[in-house]
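Working notes for the structure below.
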Amino acid sequence: MESRITRINPTHLHTTPGYHHITVVEAGRTAYLAGQCPLDASGEVVGPGDLDAQIDQVVANSVAALDAVDARPEHVVRSVIYVVSDGDAALGAVWRRLTESALGPAFTTASTLLGVAQLGFTGQLIELDLTASLPDAPVTHD
């Protein structure tokens, strides 16, 4: 399956902090995950005001969502990270924590990191949007 995903950094583009400028996926099945929020199983925001706690919850939720379609972080072909922040230092810290997490391989692909003014839930500081190229066999769930 991984042979269907090619990550490219053209030599004439700037060096990246781990992601690739281009991700090419050969034909196959694709999963588009809804924005993964720092919500627990009851739908409550975890760690209001605590960015690290929220990152950890978003990672856990993202890994669970990928698992539901038999995908792993390596299958992610595009990520968009939204962080309530107007500072480079906070964005850099988020990037480092995500790339060092269990979801880390997801961020070696085409990725965008954005500072935003507000997200959908009161106290929410981060949201993660992922697209994954799935293994060939369809997943069946009850």
Side-chain angles (χ1 to χ4, degrees), residues 1-121 123-141:
M1 201 316 278
E2 277 71 11
S3 63
R4 292 189 336 196
I5 301 170
T6 304
R7 294 170 175 88
I8 303 166
N9 277 328
T11 56
H12 60 280
L13 294 178
H14 67 86
T15 302
T16 70
Y19 66 90
H20 286 78
H21 285 284
I22 303 165
T23 301
V24 177
V25 181
E26 300 301 321
R29 296 171 51 242
T30 305
Y32 301 90
L33 278 61
Q36 296 300 297
C37 301
L39 304 178
D40 62 18
S42 67
E44 297 296 318
V45 172
V46 170
D50 183 345
L51 187 54
D52 286 344
Q54 290 193 12
I55 292 168
D56 294 347
Q57 186 67 48
V58 164
V59 166
N61 292 350
S62 297
V63 169
L66 289 169
D67 187 54
V69 292
D70 293 335
R72 298 181 314 273
E74 305 75 62
H75 296 127
V76 171
V77 296
R78 175 89 175 119
S79 66
V80 181
I81 307 156
Y82 302 91
V83 181
V84 175
S85 173
D86 61 0
D88 293 345
L91 295 175
V94 167
W95 180 257
R96 283 186 296 280
R97 190 166 185 96
L98 285 171
T99 60
E100 293 170 0
S101 74
L103 197 58
F107 304 105
T108 63
T109 194
S111 190
T112 300
L113 174 61
L114 301 167
V116 299
Q118 184 175 349
L119 290 166
F121 294 95
Q124 179 183 358
L125 300 174
I126 185 168
E127 188 161 333
L128 181 57
D129 179 3
L130 300 175
T131 303
S133 177
L134 299 178
D136 291 325
V139 178
T140 57
H141 293 278

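In this text, all values refer to a predicted model and were calculated from it rather than measured experimentally.
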(message) What I'd like to find out is whether the side chain of Glu74 reaches to under 4.5 Å of the side chain of Thr108, using heavy atoms alone.
(response) no

(request) Could you tell me whether the side chain of Leu98 reaches within less than 4.5 Å of the side chain of Leu113, counting heavy atoms only? (result) no

(message) With a 4.5 Å cut-off on side-chain heavy atoms, are Arg96 and Val94 touching?
(response) no

(message) Do Phe107 and Pro105 make a side-chain contact, defined as non-hydrogen atoms from C-beta onward lying under 4.5 Å apart?
(response) no

(request) Answer yes or no: is there a donor N or O on one side and an acceptor on the other, between the side chain of Asn61 and the main chain of Cys37, under 3.5 Å? (result) yes

(request) Decide yes or no for Leu125 and Pro38: does some side-chain heavy atom of the first lie under 4.5 Å from some side-chain heavy atom of the second? (result) no

(request) State whether the side chain of Gln36 and the backbone N or O of Val58 hold a donor-acceptor pair below 3.5 Å, judged by distance alone. (result) no

(message) How close do Ile126 and Gln124 get, counting heavy atoms only, and between which atoms?
(response) O-NE2, 3.0 Å

(request) Taking the side chain as every heavy atom from C-beta outward, state whether Ile55 and Ser101 have any atom pair closer than 4.5 Å. (result) no

(request) Look at the side chain of Trp95 and the backbone N and O of Gly18, then say whether any donor-acceptor pair between them is shorter than 3.5 Å. (result) no

(request) Would you indicate whether the side-chain heavy atoms of Arg97 and Asp56 approach each other to under 4.5 Å? (result) yes

(request) Would you mind reporting whether Thr6 and Thr23 have side-chain heavy atoms less than 4.5 Å apart? (result) no

(message) If you compare all heavy atoms of Arg7 against all heavy atoms of Val76, which two are closest, and at what distance to 0.1 Å?
(response) NH2-O, 3.0 Å

